[in-house]
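Worksheet for the structure shown next.
Here is how names work: the chains are called A, B, and so on, in the same order as the sequence lines, proteins then strands, and each is numbered from 1. Any value given below was found using the heavy atoms of this structure, including those in side chains, with hydrogens, waters and symmetry copies removed.
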Number of protein chains: 2
Amino acid sequence: MGVDTVDIASRVKALRKKNGWRLHDLSEKTGISVATLSKLENGKTKLNFTTVNKLAQGIGVAVTNLTSPGLAHTKDTTMTLGGGGVVFETRDVDYEVLCADYKGGNQGYAKLSVKARTLDPNLPWHRHPGKEFIYVLKGILVLHTEDREPITLKRGDSLLFDSSIGHHYISAGRGETQLLLSLSLQGYSNVIETLREN
Amino acid sequence: MGVDTVDIASRVKALRKKNGWRLHDLSEKTGISVATLSKLENGKTKLNFTTVNKLAQGIGVAVTNLTSPGLAHTKDTTMTLGGGGVVFETRDVDYEVLCADYKGGNQGYAKLSVKARTLDPNLPWHRHPGKEFIYVLKGILVLHTEDREPITLKRGDSLLFDSSIGHHYISAGRGETQLLLSLSLQGYSNVIETLREN
DNA sequence: TCGATTATTTTCGAAATCGAAAATTATAAG
DNA sequence: CTTATAATTTTCGATTTCGAAAATAATCGA
């Protein structure tokens, strides 16, 4: 459903009151006329796209803060106890998908155990849409990518990159290398599918 | 200053061509008339706020992807070494935002140190749009929510829930309790801003 | 309470958006 | 080339938004 400007009304008014701004003040900050702001807060008009952006920019918050939808968010909660995730293995990495049963998310979380210890130059790069965040739980990780020097991470380090860049994980330390991975996709793709396919 | 609909024009057309959609197809996906879409692509009209949202939703991308695809698809990689994140503190929790300089994401990552040891019944619930994923790095965490019994998590456990449900983190074990948190928002938004405000 | 000042809401006209239908352009088949 | 069909653009009128100015409401000091 399209986000309705009506939702913004109460949020804007609350923000304005909280900061002690008059409509006039908000008008100066945003470049939107006092009349329009009044009508907005009272649900007597809806805002232009550019005007909504002026509003958010003027106040200094993100647009989501105004629309604050909470919509399309399932009210479910799901939990995965240690070791209880959905496991699947590839040649180089073992995956344990966490909270896999959560509905309607366009992102996924997994705990990875990296087995590969050398970069096989014949293997194609891992490459998929989305952004990948990793946090090293244990061991030493080397991230090889197609467009830059390898990056070495140790326990407690984190990294965020575009997964469409070809990449490979290699374990470097003496012991096991474990990562926590968060993969975020745009649109409605299935995150687990994406992991499996690469 | 305000994001101009004109910016969206070329982006939409590129996306449409890439997927082999006709204006008619895009119209069906988005619920926006063919005429309006044509005018949009040719810069002969600007879009309503609600219409922009219909567009993004229909295509299946975030609004940021339309307004500033350069940001949404940065090829950048960013890294935060252990302890090198952007830190800010609240009464109950210390936050270290990881990879905070990554532009254009609709999610954020942080390492949390939970200080609160009891639930103050007078404090309002934490509540914000989005979905929250946590992984317990250390200690014992009790998640109190407004609509169900408290949930206890220990090291290695993970949990995913809707952040619009009122919630509070409490540390239960003897030592420090640390979490890795991933907050994902819909549409476009500043994640750090959301964390700060709550 | 009164009057003065400040803050908000309403009125009203100019300008803009939206979609249906008509007009134009592009593509294909014979 | 000609005709038929598909795809896109333009026209046009109903509806809506925006902001200046007028009207109303709220606040405050004497």
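Ring-plane geometry between H168(B) and W125(B) is classed as tilted, the angle between the planes lying from 30 to 60 degrees on a 0 to 90 degree scale.
Every salt bridge (Lys or Arg N to Asp or Glu O under 4.0 Å) that K154(B) has, sequence neighbours left out, goes to D157(B). Remark: R117(B) pairs with no residue by the salt bridge (Lys or Arg N to Asp or Glu O under 4.0 Å) rule, at least two apart or across chains.
Residue T36(B) places its side chain closer to dG19(C) than to any other of dT8(C), dT10(C), dG19(C). Nearest nucleotide to the side chain of S33(B), out of dT9(C), dC18(D), dG19(C): dG19(C). With dT10(D), dG19(D), dT6(C) as the choices, the nucleotide that has an atom nearest any side-chain atom of R22(A) turns out to be dT6(C). Picking from dT10(D), dT17(D), dT8(C) the nucleotide with the shortest atom distance to the side chain of S38(B) gives dT10(D). The side chain of K39(B) has dC12(D) as its nearest neighbour among dC12(D), dT9(D), dT8(C). Checking dG19(D), dT9(D), dG19(C) against the side-chain heavy atoms of I32(A) singles out dG19(D) as nearest.
No engagement by L37(B) is indicated, since no non-hydrogen atom pair under 4.0 Å with the nucleic acid exists. Counting any heavy atom pair closer than 4.0 Å across all strands shown, K44(A) reaches sugar-phosphate atoms only and no base atom.
A straight line from CH2 of W21(A) to C1' of dT8(C) spans 18 Å, rounded to a whole angstrom. If you take NE2 of H24(A) and C1' of dT8(C), they are 13 Å apart, rounded to a whole angstrom.
Residue R155(B) qualifies as open at atom CZ: its count of foreign heavy atoms under 6.0 Å is 12 or below.
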